[in-house]
Amino acid sequence: MRRLTTRAVATVGAAALLTLGATACSSERDSSSSTDKSSASGFAKDSLVGVALPAKTSENWVLAGNLFTKGLKDAGFKADVQYAGASTTVADQQAQISSMVTKGAKVIVIGATDASQLATQVQQAKDAGAVVIAYDRLITNTKNVDYYIAYDNFKVGQLQGQALIDGMKAKNPKGPWNIELFSGSPDDNNSKVFFNGAMDVLKPYIDKKQVVVGSGQTDIKQTATQGWKAENAQSRMDSLLNSTYSGKKKLDGVLSPNDTLARAILTSVKGAGKAIPVVTGQDSEVESVKSIMKGEQYSTINKDTRNLVKETIGMVTALQKGAKPTVNDTKSYNNGVKVVPAYLLAPVIVTKANAAEAYANDPNLAPLTK
Ligand code: BGC
(Lines give C-alpha, C1' and ligand atoms only; values in the text may rest on other atoms or scores of the structure.)
Protein backbone atom coordinates (compact mmCIF):
# COMPACT_ATOMS: atom_id res chain seq x y z
CA MET A 1 0.00 0.00 0.00
CA ARG A 2 1.18 3.42 -0.91
CA ARG A 3 2.40 5.51 2.01
CA LEU A 4 1.48 9.14 1.87
CA THR A 5 4.29 11.09 3.41
CA THR A 6 2.64 14.50 3.44
CA ARG A 7 1.49 14.15 7.03
CA ALA A 8 0.90 17.90 7.07
CA VAL A 9 -2.22 17.55 4.97
CA ALA A 10 -3.77 15.48 7.72
CA THR A 11 -3.81 18.43 10.09
CA VAL A 12 -7.36 19.26 11.08
CA GLY A 13 -8.46 22.58 9.73
CA ALA A 14 -5.48 23.01 7.42
CA ALA A 15 -7.88 23.94 4.67
CA ALA A 16 -5.32 25.75 2.58
CA LEU A 17 -3.05 22.73 2.54
CA LEU A 18 -5.94 20.48 1.69
CA THR A 19 -6.76 22.65 -1.27
CA LEU A 20 -3.15 22.38 -2.38
CA GLY A 21 -3.38 18.62 -1.93
CA ALA A 22 -6.42 18.48 -4.17
CA THR A 23 -4.70 20.61 -6.81
CA ALA A 24 -1.62 18.43 -6.73
CA CYS A 25 -3.85 15.42 -7.16
CA SER A 26 -5.49 16.67 -10.34
CA SER A 27 -2.21 17.91 -11.79
CA GLU A 28 -0.84 14.40 -11.27
CA ARG A 29 -3.41 13.07 -13.72
CA ASP A 30 -1.46 11.11 -16.25
CA SER A 31 -3.36 9.11 -18.75
CA SER A 32 -0.13 8.02 -20.43
CA SER A 33 0.75 5.98 -17.34
CA SER A 34 -2.38 3.90 -17.70
CA THR A 35 -1.71 0.18 -17.87
CA ASP A 36 -5.14 -0.46 -19.33
CA LYS A 37 -5.29 -3.11 -21.99
CA SER A 38 -9.04 -3.07 -22.60
CA SER A 39 -10.22 -2.37 -26.10
CA ALA A 40 -11.80 1.04 -25.81
CA SER A 41 -13.08 1.29 -29.34
CA GLY A 42 -16.06 3.46 -28.55
CA PHE A 43 -19.77 2.78 -28.76
CA ALA A 44 -23.03 4.51 -29.61
CA LYS A 45 -23.84 7.55 -27.55
CA ASP A 46 -27.25 6.34 -26.41
CA SER A 47 -25.92 2.97 -25.17
CA LEU A 48 -26.95 1.39 -21.91
CA VAL A 49 -24.72 1.97 -18.88
CA GLY A 50 -25.30 -0.24 -15.84
CA VAL A 51 -24.69 0.97 -12.30
CA ALA A 52 -24.81 -1.71 -9.60
CA LEU A 53 -24.67 -0.25 -6.11
CA PRO A 54 -24.58 -2.03 -2.73
CA ALA A 55 -27.35 -1.82 -0.13
CA LYS A 56 -28.03 1.69 1.16
CA THR A 57 -25.73 1.32 4.19
CA SER A 58 -24.87 5.02 4.13
CA GLU A 59 -26.24 8.22 2.58
CA ASN A 60 -23.52 8.38 -0.05
CA TRP A 61 -25.01 5.39 -1.88
CA VAL A 62 -28.46 6.99 -1.98
CA LEU A 63 -26.98 10.19 -3.37
CA ALA A 64 -24.88 8.28 -5.89
CA GLY A 65 -27.87 6.40 -7.29
CA ASN A 66 -29.84 9.60 -7.87
CA LEU A 67 -26.86 11.39 -9.39
CA PHE A 68 -26.03 8.51 -11.74
CA THR A 69 -29.62 8.26 -12.95
CA LYS A 70 -29.77 11.94 -13.80
CA GLY A 71 -26.14 12.44 -14.87
CA LEU A 72 -26.01 9.50 -17.28
CA LYS A 73 -29.32 10.56 -18.83
CA ASP A 74 -28.07 14.15 -19.22
CA ALA A 75 -24.92 12.81 -20.91
CA GLY A 76 -27.10 10.98 -23.47
CA PHE A 77 -26.83 7.42 -22.13
CA LYS A 78 -29.54 5.01 -21.06
CA ALA A 79 -29.05 4.20 -17.40
CA ASP A 80 -29.88 1.06 -15.42
CA VAL A 81 -29.18 1.88 -11.76
CA GLN A 82 -29.76 -0.91 -9.23
CA TYR A 83 -29.21 -1.41 -5.50
CA ALA A 84 -28.57 -4.71 -3.79
CA GLY A 85 -31.39 -5.49 -1.35
CA ALA A 86 -30.90 -5.19 2.37
CA SER A 87 -30.58 -8.89 3.20
CA THR A 88 -29.58 -10.96 0.16
CA THR A 89 -27.07 -8.36 -0.95
CA VAL A 90 -24.50 -10.53 -2.71
CA ALA A 91 -26.94 -12.67 -4.70
CA ASP A 92 -28.97 -9.58 -5.62
CA GLN A 93 -25.98 -7.75 -6.94
CA GLN A 94 -24.74 -10.77 -8.88
CA ALA A 95 -28.15 -11.13 -10.58
CA GLN A 96 -28.34 -7.40 -11.31
CA ILE A 97 -24.92 -7.36 -13.01
CA SER A 98 -25.75 -10.47 -15.09
CA SER A 99 -28.96 -8.79 -16.19
CA MET A 100 -27.10 -5.62 -17.20
CA VAL A 101 -24.78 -7.77 -19.34
CA THR A 102 -27.75 -9.49 -20.94
CA LYS A 103 -29.36 -6.14 -21.72
CA GLY A 104 -26.20 -5.14 -23.56
CA ALA A 105 -24.66 -2.56 -21.22
CA LYS A 106 -21.44 -1.15 -22.68
CA VAL A 107 -20.04 -0.05 -19.33
CA ILE A 108 -20.91 -1.46 -15.92
CA VAL A 109 -20.09 0.67 -12.88
CA ILE A 110 -20.00 -1.41 -9.70
CA GLY A 111 -19.94 -0.45 -6.04
CA ALA A 112 -19.33 -3.96 -4.78
CA THR A 113 -21.36 -5.48 -1.98
CA ASP A 114 -18.69 -8.13 -1.48
CA ALA A 115 -15.38 -7.42 -3.20
CA SER A 116 -14.52 -11.06 -3.79
CA GLN A 117 -17.87 -12.43 -5.00
CA LEU A 118 -18.20 -10.89 -8.45
CA ALA A 119 -15.62 -12.77 -10.52
CA THR A 120 -18.23 -14.73 -12.52
CA GLN A 121 -20.32 -11.64 -13.31
CA VAL A 122 -17.39 -9.45 -14.39
CA GLN A 123 -16.16 -12.33 -16.55
CA GLN A 124 -19.61 -12.33 -18.23
CA ALA A 125 -19.28 -8.57 -18.70
CA LYS A 126 -15.84 -8.97 -20.26
CA ASP A 127 -17.00 -11.79 -22.55
CA ALA A 128 -19.79 -9.51 -23.78
CA GLY A 129 -17.28 -6.71 -24.45
CA ALA A 130 -18.39 -4.40 -21.62
CA VAL A 131 -15.94 -2.28 -19.64
CA VAL A 132 -16.05 -2.69 -15.86
CA ILE A 133 -15.41 0.25 -13.54
CA ALA A 134 -15.13 -0.43 -9.79
CA TYR A 135 -16.77 2.53 -8.06
CA ASP A 136 -15.71 3.52 -4.52
CA ARG A 137 -14.97 -0.14 -3.60
CA LEU A 138 -12.44 -2.30 -5.43
CA ILE A 139 -13.42 -5.69 -6.89
CA THR A 140 -10.83 -8.30 -5.96
CA ASN A 141 -9.39 -11.53 -7.35
CA THR A 142 -10.27 -10.98 -10.99
CA LYS A 143 -8.48 -9.62 -14.02
CA ASN A 144 -11.77 -8.34 -15.40
CA VAL A 145 -11.93 -5.00 -13.67
CA ASP A 146 -10.69 -2.26 -15.97
CA TYR A 147 -10.68 0.85 -13.79
CA TYR A 148 -11.14 1.91 -10.20
CA ILE A 149 -12.48 5.30 -9.13
CA ALA A 150 -12.71 6.39 -5.49
CA TYR A 151 -11.64 8.93 -2.92
CA ASP A 152 -8.15 8.08 -1.68
CA ASN A 153 -9.07 5.50 0.96
CA PHE A 154 -5.67 5.28 2.64
CA LYS A 155 -5.68 9.03 3.07
CA VAL A 156 -9.22 8.87 4.52
CA GLY A 157 -7.83 6.56 7.22
CA GLN A 158 -4.84 8.81 7.87
CA LEU A 159 -7.10 11.84 8.22
CA GLN A 160 -9.31 9.93 10.68
CA GLY A 161 -6.31 8.81 12.76
CA GLN A 162 -4.91 12.33 12.85
CA ALA A 163 -8.31 13.85 13.75
CA LEU A 164 -8.61 11.39 16.65
CA ILE A 165 -5.22 12.49 18.01
CA ASP A 166 -5.92 16.19 17.44
CA GLY A 167 -9.32 15.98 19.14
CA MET A 168 -7.92 14.20 22.20
CA LYS A 169 -4.95 16.58 22.40
CA ALA A 170 -7.30 19.55 22.43
CA LYS A 171 -9.00 18.19 25.58
CA ASN A 172 -5.91 16.85 27.35
CA PRO A 173 -2.65 17.92 25.70
CA LYS A 174 -0.31 15.14 26.78
CA GLY A 175 -2.39 12.00 27.25
CA PRO A 176 -2.06 9.12 27.70
CA TRP A 177 -5.40 8.59 26.01
CA ASN A 178 -7.61 5.49 26.18
CA ILE A 179 -9.16 4.62 22.86
CA GLU A 180 -11.09 1.88 21.06
CA LEU A 181 -10.86 0.98 17.39
CA PHE A 182 -13.66 0.14 14.95
CA SER A 183 -13.34 -0.88 11.31
CA GLY A 184 -15.82 -1.49 8.50
CA SER A 185 -17.22 -4.65 6.95
CA PRO A 186 -14.62 -7.33 6.13
CA ASP A 187 -16.20 -7.98 2.69
CA ASP A 188 -15.53 -4.37 1.64
CA ASN A 189 -11.97 -3.93 0.38
CA ASN A 190 -12.01 -0.33 1.66
CA SER A 191 -12.29 -1.41 5.29
CA LYS A 192 -8.72 -2.57 5.59
CA VAL A 193 -7.39 0.38 3.60
CA PHE A 194 -9.15 2.87 5.93
CA PHE A 195 -7.90 0.93 8.96
CA ASN A 196 -4.32 0.73 7.69
CA GLY A 197 -4.34 4.46 6.98
CA ALA A 198 -5.56 5.23 10.50
CA MET A 199 -3.06 2.83 12.06
CA ASP A 200 -0.28 4.47 10.06
CA VAL A 201 -0.93 7.55 12.23
CA LEU A 202 -1.97 5.83 15.50
CA LYS A 203 0.63 3.06 15.74
CA PRO A 204 3.57 5.28 16.75
CA TYR A 205 1.42 6.69 19.60
CA ILE A 206 0.37 3.16 20.63
CA ASP A 207 3.99 1.98 20.53
CA LYS A 208 5.10 4.74 22.89
CA LYS A 209 2.01 4.14 25.07
CA GLN A 210 0.69 7.67 24.65
CA VAL A 211 -2.37 5.98 23.16
CA VAL A 212 -3.72 2.88 24.92
CA VAL A 213 -6.32 0.63 23.27
CA GLY A 214 -8.12 -0.23 26.51
CA SER A 215 -9.57 -3.56 25.35
CA GLY A 216 -6.35 -4.59 23.65
CA GLN A 217 -8.39 -5.22 20.46
CA THR A 218 -6.12 -3.90 17.73
CA ASP A 219 -6.49 -6.63 15.12
CA ILE A 220 -8.83 -5.80 12.24
CA LYS A 221 -10.63 -9.11 12.78
CA GLN A 222 -11.57 -7.92 16.28
CA THR A 223 -12.53 -4.39 15.23
CA ALA A 224 -14.65 -5.31 12.16
CA THR A 225 -18.30 -4.28 11.77
CA GLN A 226 -20.07 -6.88 9.65
CA GLY A 227 -22.22 -5.34 6.89
CA TRP A 228 -21.30 -1.81 8.04
CA LYS A 229 -24.39 -2.16 10.28
CA ALA A 230 -25.04 0.36 13.03
CA GLU A 231 -26.49 -2.27 15.36
CA ASN A 232 -23.28 -4.32 15.16
CA ALA A 233 -21.11 -1.33 16.12
CA GLN A 234 -23.51 -0.37 18.89
CA SER A 235 -23.50 -3.81 20.47
CA ARG A 236 -19.71 -4.09 20.26
CA MET A 237 -19.39 -0.67 21.93
CA ASP A 238 -21.85 -1.80 24.64
CA SER A 239 -19.66 -4.85 25.32
CA LEU A 240 -16.46 -2.81 25.38
CA LEU A 241 -17.97 -0.36 27.84
CA ASN A 242 -19.04 -3.24 30.11
CA SER A 243 -15.79 -5.14 29.91
CA THR A 244 -13.28 -2.30 29.94
CA TYR A 245 -14.78 1.01 31.00
CA SER A 246 -17.01 0.20 33.94
CA GLY A 247 -16.53 2.50 36.92
CA LYS A 248 -14.47 5.64 36.49
CA LYS A 249 -12.13 4.53 33.70
CA LYS A 250 -12.18 7.18 31.02
CA LEU A 251 -12.67 6.54 27.31
CA ASP A 252 -10.97 9.41 25.45
CA GLY A 253 -11.50 8.48 21.83
CA VAL A 254 -13.01 6.04 19.36
CA LEU A 255 -11.80 5.49 15.82
CA SER A 256 -14.99 5.05 13.79
CA PRO A 257 -14.64 4.40 10.05
CA ASN A 258 -17.87 6.17 9.07
CA ASP A 259 -20.71 8.38 10.27
CA THR A 260 -23.38 5.70 10.59
CA LEU A 261 -21.14 3.75 12.97
CA ALA A 262 -20.00 6.92 14.77
CA ARG A 263 -23.59 7.74 15.71
CA ALA A 264 -24.19 4.16 16.89
CA ILE A 265 -21.05 4.37 19.05
CA LEU A 266 -22.20 7.70 20.50
CA THR A 267 -25.64 6.21 21.27
CA SER A 268 -23.97 3.40 23.17
CA VAL A 269 -21.66 5.73 25.13
CA LYS A 270 -24.51 8.05 26.05
CA GLY A 271 -26.66 5.09 27.09
CA ALA A 272 -23.90 4.00 29.47
CA GLY A 273 -23.78 7.51 30.97
CA LYS A 274 -20.13 8.01 30.03
CA ALA A 275 -18.60 11.34 28.99
CA ILE A 276 -18.57 11.77 25.22
CA PRO A 277 -15.23 10.73 23.72
CA VAL A 278 -13.66 12.06 20.52
CA VAL A 279 -15.33 10.03 17.75
CA THR A 280 -14.29 10.17 14.09
CA GLY A 281 -16.46 9.47 11.05
CA GLN A 282 -16.74 9.63 7.27
CA ASP A 283 -19.34 10.59 4.61
CA SER A 284 -20.68 13.94 5.85
CA GLU A 285 -24.10 12.48 6.60
CA VAL A 286 -26.71 15.06 7.59
CA GLU A 287 -27.22 13.70 11.13
CA SER A 288 -23.47 13.58 11.73
CA VAL A 289 -22.89 17.12 10.50
CA LYS A 290 -25.61 18.20 12.96
CA SER A 291 -23.90 16.20 15.71
CA ILE A 292 -20.55 17.83 14.91
CA MET A 293 -22.09 21.30 15.06
CA LYS A 294 -23.59 20.34 18.47
CA GLY A 295 -20.13 19.33 19.69
CA GLU A 296 -20.80 15.58 19.91
CA GLN A 297 -19.25 13.67 16.97
CA TYR A 298 -15.77 15.16 16.50
CA SER A 299 -15.01 14.76 12.80
CA THR A 300 -16.21 13.43 9.48
CA ILE A 301 -14.73 13.25 6.00
CA ASN A 302 -16.05 15.13 3.02
CA LYS A 303 -16.00 12.82 -0.01
CA ASP A 304 -18.36 14.85 -2.15
CA THR A 305 -20.43 12.25 -4.01
CA ARG A 306 -21.26 14.79 -6.70
CA ASN A 307 -17.60 14.90 -7.77
CA LEU A 308 -17.11 11.14 -7.66
CA VAL A 309 -20.17 10.52 -9.84
CA LYS A 310 -19.20 13.34 -12.20
CA GLU A 311 -15.70 11.91 -12.68
CA THR A 312 -17.15 8.42 -13.21
CA ILE A 313 -19.51 9.69 -15.90
CA GLY A 314 -16.44 11.42 -17.39
CA MET A 315 -14.77 8.01 -17.61
CA VAL A 316 -17.85 6.52 -19.29
CA THR A 317 -17.93 9.39 -21.80
CA ALA A 318 -14.23 8.88 -22.61
CA LEU A 319 -14.89 5.19 -23.25
CA GLN A 320 -17.89 6.03 -25.41
CA LYS A 321 -15.62 8.17 -27.58
CA GLY A 322 -13.06 5.40 -27.81
CA ALA A 323 -10.56 7.21 -25.58
CA LYS A 324 -8.81 5.95 -22.47
CA PRO A 325 -10.20 7.38 -19.23
CA THR A 326 -7.78 9.44 -17.18
CA VAL A 327 -6.14 7.69 -14.24
CA ASN A 328 -3.75 9.17 -11.67
CA ASP A 329 -2.64 6.09 -9.77
CA THR A 330 -1.22 2.92 -11.24
CA LYS A 331 0.34 1.29 -8.22
CA SER A 332 -1.83 1.37 -5.09
CA TYR A 333 -4.69 -0.97 -5.90
CA ASN A 334 -3.50 -4.51 -6.43
CA ASN A 335 -6.66 -6.61 -6.36
CA GLY A 336 -4.81 -9.90 -5.92
CA VAL A 337 -4.58 -10.57 -9.66
CA LYS A 338 -3.62 -7.22 -11.17
CA VAL A 339 -2.94 -3.61 -10.28
CA VAL A 340 -6.12 -1.79 -11.25
CA PRO A 341 -5.52 1.64 -12.82
CA ALA A 342 -7.24 4.12 -10.55
CA TYR A 343 -8.46 7.66 -10.47
CA LEU A 344 -8.33 8.85 -6.85
CA LEU A 345 -9.90 12.03 -5.52
CA ALA A 346 -8.72 13.91 -2.43
CA PRO A 347 -10.83 13.53 0.74
CA VAL A 348 -11.17 16.45 3.18
CA ILE A 349 -11.33 16.21 6.98
CA VAL A 350 -14.17 18.19 8.54
CA THR A 351 -14.57 19.28 12.17
CA LYS A 352 -16.72 21.99 13.69
CA ALA A 353 -13.83 24.40 13.04
CA ASN A 354 -13.89 24.12 9.23
CA ALA A 355 -17.40 22.80 8.51
CA ALA A 356 -18.76 26.09 7.14
CA GLU A 357 -15.86 26.36 4.75
CA ALA A 358 -15.85 22.67 3.77
CA TYR A 359 -19.56 22.63 2.88
CA ALA A 360 -19.81 26.16 1.50
CA ASN A 361 -20.87 24.92 -1.94
CA ASP A 362 -23.11 22.10 -0.74
CA PRO A 363 -26.71 23.32 -0.65
CA ASN A 364 -27.82 20.52 1.70
CA LEU A 365 -25.04 20.82 4.26
CA ALA A 366 -24.11 24.51 4.19
CA PRO A 367 -27.29 25.63 6.07
CA LEU A 368 -26.46 23.19 8.90
CA THR A 369 -23.17 24.99 9.58
CA LYS A 370 -24.66 28.47 10.03
C1 BGC B 1 -17.47 3.73 1.56
C2 BGC B 1 -17.85 4.62 2.72
C3 BGC B 1 -19.12 4.10 3.39
C4 BGC B 1 -19.07 2.61 3.65
C5 BGC B 1 -20.39 2.06 4.15
C6 BGC B 1 -17.40 2.31 2.04
O7 BGC B 1 -16.99 1.46 1.04
O8 BGC B 1 -16.23 4.15 1.01
O9 BGC B 1 -18.00 5.93 2.27
O10 BGC B 1 -19.31 4.76 4.60
O11 BGC B 1 -18.69 1.93 2.50
O12 BGC B 1 -21.42 2.23 3.25
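For the single chain, residues carry numbers from 1 onward in sequence order. We count ligands from 1, going down the list as the structure has it; atoms in each ligand are counted the same way. Model, not experiment: these values are computed from the prediction.
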Any idea which part of [X] is under 4.0 Å from ligand 1, heavy-atom wise: side chain, backbone, both or neither?
X      : value
Tyr135 : neither
Asn60  : side chain
Tyr151 : neither

Which atoms from ligand 1 have a heavy atom of [X] less than 4.0 Å away?
X      : answer
Thr57  : 5 (C), 12 (O)
Arg137 : 4 (C), 5 (C), 6 (C), 7 (O), 11 (O), 12 (O)
Asp188 : 6 (C), 7 (O), 11 (O)
Phe194 : 8 (O)
Trp61  : 12 (O)
Lys303 : 1 (C), 2 (C), 8 (O), 9 (O)

Answer yes or no on whether Lys192 is positioned over the face of Phe195, meaning its NZ or CZ is under 6.0 Å from the six-membered ring centre and within 45° of the axis.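 No.
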With a 6.0 Å cut-off on ring centres, are Phe154 and Phe194 close enough?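 No; Phe194 has its ring centre 6.0 Å or more from that of Phe154.
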To the nearest 0.1 Å, how far is [atom] from its closest protein heavy atom, and which atom is that?
atom                    : value
atom 4 (C) of ligand 1  : Trp228 CE2, 3.6 Å
atom 9 (O) of ligand 1  : Asp283 OD1, 2.6 Å
atom 12 (O) of ligand 1 : Ser58 OG, 2.7 Å

For Thr225 and Arg236, which I'm curious about, is there any donor-acceptor pair between the side chains at under 3.5 Å?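 The criterion, which ignores hydrogens and geometry beyond distance, is not satisfied for Arg236 and Thr225.
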